[in-house]
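Order of the sequence lines fixes the chain letters, A, B, ..., with proteins taken first and strands second; residue numbering starts at 1 for each chain.
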2 protein chains.
Amino acid sequence: MATGRNHRPATRSRGIPEATVARLPLYLRALTALSERSVPTVSSEELAAAAGVNSAKLRKDFSYLGSYGTRGVGYDVEYLVYQISRELGLTQDWPVVIVGIGNLGAALANYGGFASRGFRVAALIDADPAMAGKPVAGIPVQHTDELEKIISDNGVSIGVISTPAGAAQQVCERLIAAGVTSILNFAPTVLSVPDGVDVRKVDLSIELQILAFHEQRKAGEEAATRRGPDGDMSAVMPA
Amino acid sequence: MATGRNHRPATRSRGIPEATVARLPLYLRALTALSERSVPTVSSEELAAAAGVNSAKLRKDFSYLGSYGTRGVGYDVEYLVYQISRELGLTQDWPVVIVGIGNLGAALANYGGFASRGFRVAALIDADPAMAGKPVAGIPVQHTDELEKIISDNGVSIGVISTPAGAAQQVCERLIAAGVTSILNFAPTVLSVPDGVDVRKVDLSIELQILAFHEQRKAGEEAATRRGPDGDMSAVMPA
DNA sequence: ATGTCTTTGTGAACGCGTGCACAAAGATGG
DNA sequence: CCATCTTTGTGCACGCGTTCACAAAGACAT
């Protein structure tokens with residue numbers, strides 16, 4: 001059992017760096033917007049600005065996918081949309097299940113971004129019997145007892161966990177046992193998963209705490225300038 | 001106007017690497033759990049396992065904060081909880097506003113993790129006049145017109161954006177003009193912010209797409225195993 | 001056809017983050 | 001007081017990711 005996020009050594013699959021993969025959806029979004037405005041081609045500079053990254057980085061990212069640009073002109077928008085979609089596996093249909101239909105789970109079920117790009121909410125699952133049958137976002141909630149059957153019947157390989165922290169690990173294990181190999185975890189816990197299972201974590205509280213750190217630093221910066229960078233903190237030190 | 005996430009060069013504030021800052025909340029959570037079970041001390045090995053990281057990494061992370069451990073024994077749980085809380089700025093109260101009270105915004109307002117650690121939801125703001133006054137999570141929703149007044153009256157420096165993508169940039173600019181310097185963005189857009197403002201992005205759709213990429217790779221792997229690690233993919237290449 | 005101009009693709013250097021491996025430090029027992 | 005044992009703190013090497021800077025490639029005008 002490997003613990004936590006899958007930090008596989010040398011994650012490079014077919015030579016595409018993980019950092020690049022993480023940016024592809026960003027490019028894809030910008031390109032889709034251009035495509036809807038019927039823009040035929042775009043330069044690395046323009047696209048980089050739209051995606052909020054450095055243009056050299058963007059070109060290097062694309063170079064991992066192949067040489068899809070034309071020098072002196074730029075990139076063909078439609079072609080690039082197709083190539084990135086294919087690379088990300090969005091040309092196929094990905095059924096997902098959402099487990100834990102509380103406030104967050106319901107919000108996820110209603111989130112339009114899921115359905116938009118190849119992802120289909122195959123089922124909503126909750127442990128509360130009172131929820132069973134109740135429709136959320138037009139999909140009836142099913143009870144946890146059905147979990148294994150739902151996964152195998154629909155060929156689900158991606159699961160979303162939005163349960164309370166206490167239930168997450170157990171749900172995770174059941175999902176994996178039933179055949180799920182990718183998990184998006186919203187519960188504030190570290191999940192232990194076997195090798196070969198990918199976990200991505202979204203933790204609202206952690207994001208806020210990171211912001212608080214920087215915020216505090218900004219606030220303390222003017223005061224710290226007085227007597228050097230390392231203010232004396234001995235007053236607050238306990239015995 | 002810098003575009004996108006604030007990738008400040010040399011983000012190290014007081015010598016604490018950004019990667020370490022991102023893990024501190026993880027350690028804090030594990031330590032809090034230990035504290036509640038009245039565990040007095042913990043070794044780097046144990047704590048690392050609980051947080052899902054390498055023990056060497058954890059020790060190096062703590063070394064940036066100072067020498068808070070005792071060789072041969074481990075770390076004092078209570079003391080470490082205090083030190084990390086202080087470092088993250090969680091010993092003070094952070095009022096936050098949530099702008100955009102749709103499904104996601106409501107879920108965030110109800111999320112317990114916000115209130116738990118020094119974060120207080122000062123106000124919920126929505127552009128829909130029909131929402132005004134309606135209580136969500138016990139807090140009455142206020143109209144966007146009040147945004148500037150709310151920010152300055154409450155001394156808010158952290159804002160959460162959970163509006164549709166189209167409204168995000170405009171909301172962002174109003175927040176910043178009113179005094180907000182840290183933003184947690186749930187809208188699927190790249191935000192342009194001036195220097196000195198921190199933006200963190202949470203994008204559900206992007207996380208799913210990254211999972212899909214790895215999922216697709218796994219699916220293609222068995223086929224690729226036949227003739228070496230770098231399977232020839234020309235069959236699926238379009239003209 | 002040739003020259004100019006634009007934009008891509010990439011070699012190379014640099015910096016950050018990670019993990020190993022070990023010395024130093026302190027606890028504990030005799 | 002000394003020896004042993006545990007666990008921290010860190011020097012060092014390595015690899016990934018980012019960025020610069022430029023040569024190669026192609027479009028386009030003349």
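- As a whole-Å value, the separation of A:Arg59 CZ from D:dA23 P is 15 Å.
- Spacing between atom OH of B:Tyr64 and atom C1' of D:dG11 amounts to 12 Å, rounded to whole angstrom units.
- Taking atom CZ of B:Phe62 as the reference point, atom P of C:dG17 lies 17 Å away to the nearest angstrom.
- Side chains of A:Gln83 and A:Glu87: a donor-acceptor N/O pair is absent below 3.5 angstrom, by distance only.
- B:Thr32 and B:Glu36 are not linked by any side-chain donor-acceptor pair at a separation below 3.5 angstrom, with hydrogens and angles left out of the test.
- Within residues 22-31 of chain B, no residue is approached by DNA chain D to less than 4.0 Å at the level of any non-hydrogen atom.
- Which of D:dG17, D:dG9, C:dG17 sits closest to the side chain of B:Ser63 comes down to D:dG9.
- For B:Lys60 against C:dG19, a side-chain N or O and a base N or O form a donor-acceptor pair under 3.5 Å.
- For B:Asn54 and C:dC20, the CG to C1' distance is 9 Å, given to the nearest whole Å.
- Ring pair A:Phe62/A:Tyr68: centre-to-centre distance not below 6.0 Å.
- Rounded to an integer number of Å, the gap from B:Glu18 CD to C:dC16 C1' is 12 Å.
- Tested against B:Ile98, the residues B:Leu184, B:Ile161, B:Leu108, B:Thr163 include a single side-chain contact (heavy atoms from CB on, under 4.5 Å) partner, B:Leu108.
- Counting only distance, with no hydrogens or angles, the side chain of B:Asp203 and the backbone of B:Glu207 share no donor-acceptor pair below 3.5 Å.
- In this structure, A:Pro95 and A:Asp93 approach most closely via the heavy-atom pair CD-O, 3.4 Å.
- Within the structure, every pair that satisfies the salt bridge (Lys or Arg N to Asp or Glu O under 4.0 Å) test and touches residues 60-81 of chain A, not counting sequence neighbours, is listed here: A:Arg23-A:Asp61.
- To the nearest angstrom, C1' of C:dT10 lies 15 Å from CG of A:Leu65.
- As rounded to whole Å, 13 Å separates atom C1' of D:dC20 from atom CD of A:Glu45.
- Per the geometry, OH belonging to A:Tyr68 stands 13 Å off P belonging to C:dT10, to the nearest Å.
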Each nucleotide N or O in nucleotides 4-7 of chain D that has a protein N or O under 3.5 Å away: list the pair and distance.
from	atom 1	to	atom 2	distance (Å)
D:dT7	O4'	B:Gly72	N	3.0

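- Side-chain contact, A:Ser44 with A:Arg59: a donor N or O sits under 3.5 Å from an acceptor N or O.
- Looking only at atom types and distance, the side chain of B:Glu215 has a donor-acceptor partner in the side chain of A:Thr181 under 3.5 Å away.
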